[in-house]
Amino acid sequence: EAEKQDKNEKAKAVSAAMESSLEGLPKLYESVAGSIVRVETTDNVNATGVIVSSDGHIVVGNGGVYGNGTAVKVHLSSGRTVSATPAGWSLEWRLAVLKINEEGPWPAIALGSTNDLKAGEPCLVVGYSPRGDTNYDSSPTARFGFIDRSVPARWLTTTCFPGFFEAQAVVGTDGRLLGIDTCFAGEQSYATAVDVFAANRDELFAGKNLDWVRYPPRPGSIYRNGAG
């Protein structure tokens with residue numbers, strides 16, 4: 001009986017959180033949509049990116065733009081298209097950073113943290129369809145969901161299934177970035193926590209290969225490019 005009552009209380013708490021969150025969804029979406037961009041590479045790969053600095057730095061998850069130096073197109077929800085150059089990256093975390101070539105300021109999203117993130121907390125998943133239709137998909141699409149699992153400062157999952165977006169952003173109800181999807185297995189998306197980016201921001205902005213900054217190749221190795 002006690003177990004049944006506990007489950008009922010948890011269900012009520014989830015229901016209350018959902019109802020409260022749904023009321024503020026339009027305002028939440030409006031506050032973050034300008035920071036969510038579509039990245040289009042020369043290989044016709046479309047990925048969701050998130051502007052994380054007013055200078056125009058963009059974080060992309062698993063987007064095929066790992067430090068190749070080739071400029072890409074960035075489509076903003078305002079309808080403007082600009083160019084960006086790849087900066088730092090990490091294959092381990094499946095993250096890459098781009099830098100918009102034009103001068104800002106740009107609409108950067110506020111950064112959150114997953115240190116105290118718990119399963120069951122509501123979130124918004126925002127991104128662009130991978131089909132690359134910049135006329136039809138001029139604004140990012142959003143889905144409401146919940147945090148499913150979280151390993152603080154490492155990765156998290158949500159109740160939103162993959163396939164609708166390409167490397168979508170996960171945003172808390174306070175409008176702060178919690179992570180960005182970097183891979184999926186079966187019907188589960190996995191997001192790299194924003195804490196990983198925040199902890200290595202300077203190296204990524206400087207165009208470093210983060211994997212080799214953390215684990216440098218031996219001196220004289222032909223793979224030392226980007227290790228600094």
Side-chain angles (χ1 to χ4, degrees), residues 2-37 47-53 58-62 77 90 92-95 107-129 139-201:
E3 183 178 353
K4 182 178 180 181
Q5 183 176 355
D6 182 57
K7 289 183 178 179
N8 288 337
E9 290 298 325
K10 288 182 178 179
K12 289 180 181 178
V14 170
S15 178
M18 180 180 291
E19 184 175 348
S20 175
S21 301
L22 287 175
E23 293 178 357
L25 282 184
K27 185 176 180 180
L28 174 60
Y29 174 83
E30 184 179 352
S31 70
V32 302
S35 303
I36 312 298
V37 301
T48 296
V50 187
I51 300 176
V52 291
S53 81
I58 299 170
V59 172
V60 181
N62 202 27
S77 61
S90 170
E92 178 186 9
W93 293 107
R94 300 194 179 195
L95 290 177
I109 196 169
L111 303 184
S113 173
T114 63
N115 284 331
D116 299 315
L117 190 65
K118 300 292 190 298
E121 293 188 27
C123 64
L124 195 67
V125 173
V126 193
Y128 284 92
S129 165
S139 298
T141 303
R143 295 189 71 200
F144 177 78
F146 292 91
I147 300 299
D148 185 34
R149 289 174 291 175
S150 175
V151 177
R154 291 292 184 268
W155 57 268
L156 58 101
T157 63
T158 74
T159 56
C160 297
F161 296 120
F164 297 96
F165 314 112
E166 185 64 37
Q168 62 265 31
V170 182
V171 179
T173 53
D174 59 357
R176 294 179 178 272
L177 182 67
L178 295 176
I180 186 164
D181 274 25
T182 50
C183 66
F184 67 89
E187 294 185 343
Q188 181 66 71
S189 294
Y190 291 84
T192 298
V194 67
D195 312 71
V196 174
F197 159 73
N200 301 282
R201 180 185 347 223

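Atoms considered below: every heavy atom in the structure, side chains included; atoms not considered: hydrogens, waters and symmetry mates.
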Mind checking what makes ring-ring contact (aromatic ring centres under 6.0 Å, His included) contact with Tyr190, not counting sequence neighbours? Trp155
Strictly distance-based, threshold 3.5 Å: is any side-chain N or O of Thr158 a donor or acceptor partner for the main-chain N or O of Gly145? no
What residues, two or more places apart in sequence or in another chain, satisfy side-chain hydrogen bond (donor to acceptor under 3.5 Å, both in side chains) together with Ser35? none
Residues that Ala33 engages under side-chain contact (heavy atoms from CB on, under 4.5 Å), provided they are two or more places apart: Tyr29, Pro140
Could you check if a side-chain atom of Val50 sits within less than 4.5 angstrom of a side-chain atom of Ile58, using non-hydrogen atoms only? no
Among Ile109, Val194, Leu178, Val125, whose side-chain contact (heavy atoms from CB on, under 4.5 Å) with Val171 holds? Ile109
If we ignore hydrogens and angles and just use 3.5 Å, is the side chain of Thr182 paired with the main-chain N or O of Gly61 as donor and acceptor? no
Looking only at heavy atoms, what is the nearest atom pair of Val32 and Gly175, with distance? CG1-O, 3.6 Å
Please tabulate, for the side chains in residues 111-121, all donor-acceptor contacts under 3.5 angstrom to protein atoms that are two or more places apart in sequence or on a different chain.
from: Ser113; atom 1: OG; to: Asn115; atom 2: N; distance (Å): 3.2
from: Ser113; atom 1: OG; to: Asn115; atom 2: ND2; distance (Å): 3.2
from: Ser113; atom 1: OG; to: Asp195; atom 2: OD2; distance (Å): 2.9
from: Thr114; atom 1: OG1; to: Ala153; atom 2: N; distance (Å): 2.7
from: Thr114; atom 1: OG1; to: Asp195; atom 2: OD1; distance (Å): 2.7
from: Lys118; atom 1: NZ; to: Asp116; atom 2: O; distance (Å): 3.3
from: Glu121; atom 1: OE2; to: Lys118; atom 2: N; distance (Å): 3.0

Closest non-hydrogen atom pair between Val60 and Gly49, with its separation: CG2-CA, 4.2 Å
Partners passing side-chain contact (heavy atoms from CB on, under 4.5 Å) against Ser31 (at least two apart in sequence or in another chain): Leu28
Can you name the side-chain hydrogen bond (donor to acceptor under 3.5 Å, both in side chains) partners of Ser77, sequence neighbours left out? none
Start with the C-alpha gap between Ser189 and Gln168, add the side-chain angles, then the distance that decides, and say whether side chain to side chain contact (heavy atoms under 4.5 Å, CB included) holds. CA-CA 10 Å; Ser189 294; Gln168 62 265 31; 4.1 Å; yes
Measure the CG-OG1 distance between Asp181 and Thr48 for me, rounded to the nearest 0.5 Å. 9.0 Å
Nearest 0.5 Å, please: how far is CZ in Phe197 from CG in Leu95? 9.0 Å
Are any side-chain N or O atoms of Ser150 and backbone N or O atoms of Leu156, one a donor and one an acceptor, separated by less than 3.5 Å? no
Val196 versus Asn200, closest heavy-atom pair with distance: O-ND2, 2.8 Å
Do Gln188 and Asp148 have side-chain heavy atoms sitting under 4.5 Å apart? yes
